[in-house]
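One structure below.
Protein chains get the first letters and strands the later ones, always in sequence-line order, with residue 1 at the start of each.
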There are 2 protein chains.
Amino acid sequence: MKLISQLSKETGIPVGTIRFYEKAGLFSGVKKQDVTTNNYVYYDQDVVEKIRFIKMAKAVGFTLAEIREVVDAWYKKQFTKNARLRVLDKKLVQLDEKIAELKAMKKQIAICKDNIANDRST
Amino acid sequence: MKLISQLSKETGIPVGTIRFYEKAGLFSGVKKQDVTTNNYVYYDQDVVEKIRFIKMAKAVGFTLAEIREVVDAWYKKQFTKNARLRVLDKKLVQLDEKIAELKAMKKQIAICKDNIANDRST
DNA sequence: AACAACCCTACAGTATACTGCAGGGTTTGA
DNA sequence: TCAAACCCTGCAGTATACTGTAGGGTTGTT
């Protein structure tokens, strides 16, 4: 159980951004019920994993709304087993689509490099 | 040589967005010098390819500024051969990084699916 | 000539995702 | 006890990437 600044250090995500993500419903910390003198929020290792996933998902172009679909399927128990699996399968398809686009871009850049190297630049 | 609405149809990108991209310096059309009665802009097949590349790059999370680096290396002749190749090589590294992230995400979602299927959900 | 269907510029407005205060309370170590 | 270093809420501001509208000209068909 860590406080927000510790979570920030472990994930490399600024405190303000963590709060923003939490308000957006991407994960949630807990208030310790035995502590009454403050309203500090604690986070466990689970949240570290989620933030790392969010970082990767953002890096490959998913919006926070799209990422939320996944984390909801990931840990929201009010959805049925099949509903959760359906969401995850849909995301796997999207991941494969992105991989295909990345490969197409690699090919195109390779052609472009070849053209430059041989002074056939468009 | 096509007008903007034709380009929009061929690429699936709205006319407004095409103008926005052109203003951002991602590509440029040409004015026909023999036509003096209007200021219509024409685009050739080259621009179609560039827009398709932009679509893919955006889908995998590149910003327009990052995409611009590539298209500049792609067709700006004022840069040296080596400078252009350097930019493209940097982008190839970034593409591989994104592919690695996508693969990591696929693995994580597969584990999550497995947990749900076996009722070990976190 | 008239009408639809284009073309242009310019600029205001929106959505997403932060980022940075202000203002105020708490914890911890010297 | 006092200061540094945390914690909280709330809200305004910024950057990026569009999206929409106003206002006006051109083209092509009937």
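- Taking atom NZ of residue B/K2 and atom P of nucleotide C/dC6, one finds them 17 Å apart after rounding to whole Å.
- Minimum interatomic distance between B/L3 and B/Y43 (heavy atoms only, all atoms of both residues): C-CD1, 4.3 Å.
- Whole-Å rounding puts the A/F62 CZ to C/dC18 C1' distance at 20 Å.
- Against DNA chain C, the stretch residues 12-22 of chain B makes heavy-atom approaches under 4.0 Å through B/R19.
- Put simply, CD on B/Q6 is 15 Å from C1' on C/dC7, counting in whole angstrom units.
- With hydrogens and angles ignored, the 3.5 Å screen pairs a side-chain donor or acceptor of B/K81 with a backbone N or O of A/A117.
- Judged purely by atom type and a 3.5 angstrom limit, A/E66 uses its side chain to pair as donor or acceptor with the backbone of A/T63.
- Position along DNA chain D of the nearest nucleotide to A/K23 versus B/Y40 favours A/K23 as the more 5'-ward residue.
- No donor-acceptor distance shorter than 3.5 angstrom exists from the side chain of A/R52 to the backbone of A/T11, with no hydrogens or angles considered.
- In this structure, the CG atom of B/N39 is 11 Å from the P atom of C/dA10, given to the nearest Å.
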Original post:
Stepwise, does the side chain to side chain donor-acceptor pair (under 3.5 Å) test hold for A/Q94 with A/K91?
Top reply: CA-CA 5 Å; A/Q94 290 177 6; A/K91 286 299 156 186; 3.2 Å; yes
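- In the region residues 25-38 of chain B, proximity to DNA chain D at under 4.0 angstrom, judged on heavy atoms, holds for B/T37, B/N38.
- With contacts defined as side-chain heavy-atom distances shorter than 4.5 Å, the pair B/I13/B/K55 qualifies.
- The shortest non-hydrogen separation linking A/K58 to A/I67 is CG-CD1, 3.7 Å.
- Annotation: of the two residues near DNA chain C, A/K58 and B/Y43, the 5′-most nearest-nucleotide partner is B/Y43.
- No path of Ile, Leu, Val, Met, Phe, Trp and Tyr side chains, each step under 4.5 Å between heavy atoms, connects B/V30 with B/V47, placing them in separate hydrophobic clusters.
- Close approach of DNA chain D to chain A, defined as any atom under 4.0 Å from a non-hydrogen atom of the protein, starts and stops at D/dC6 to D/dT9.
- Using a 4.5 Å cut-off on side-chain heavy atoms (C-beta onward), A/F62 and A/V70 make no contact.
- Without hydrogens or angle criteria, B/E22 side chain to B/G29 main chain gives a donor-acceptor distance under 3.5 Å.
- Rounded to the nearest 0.5 angstrom, B/K90 NZ and A/I109 CD1 are separated by 11.5 Å.
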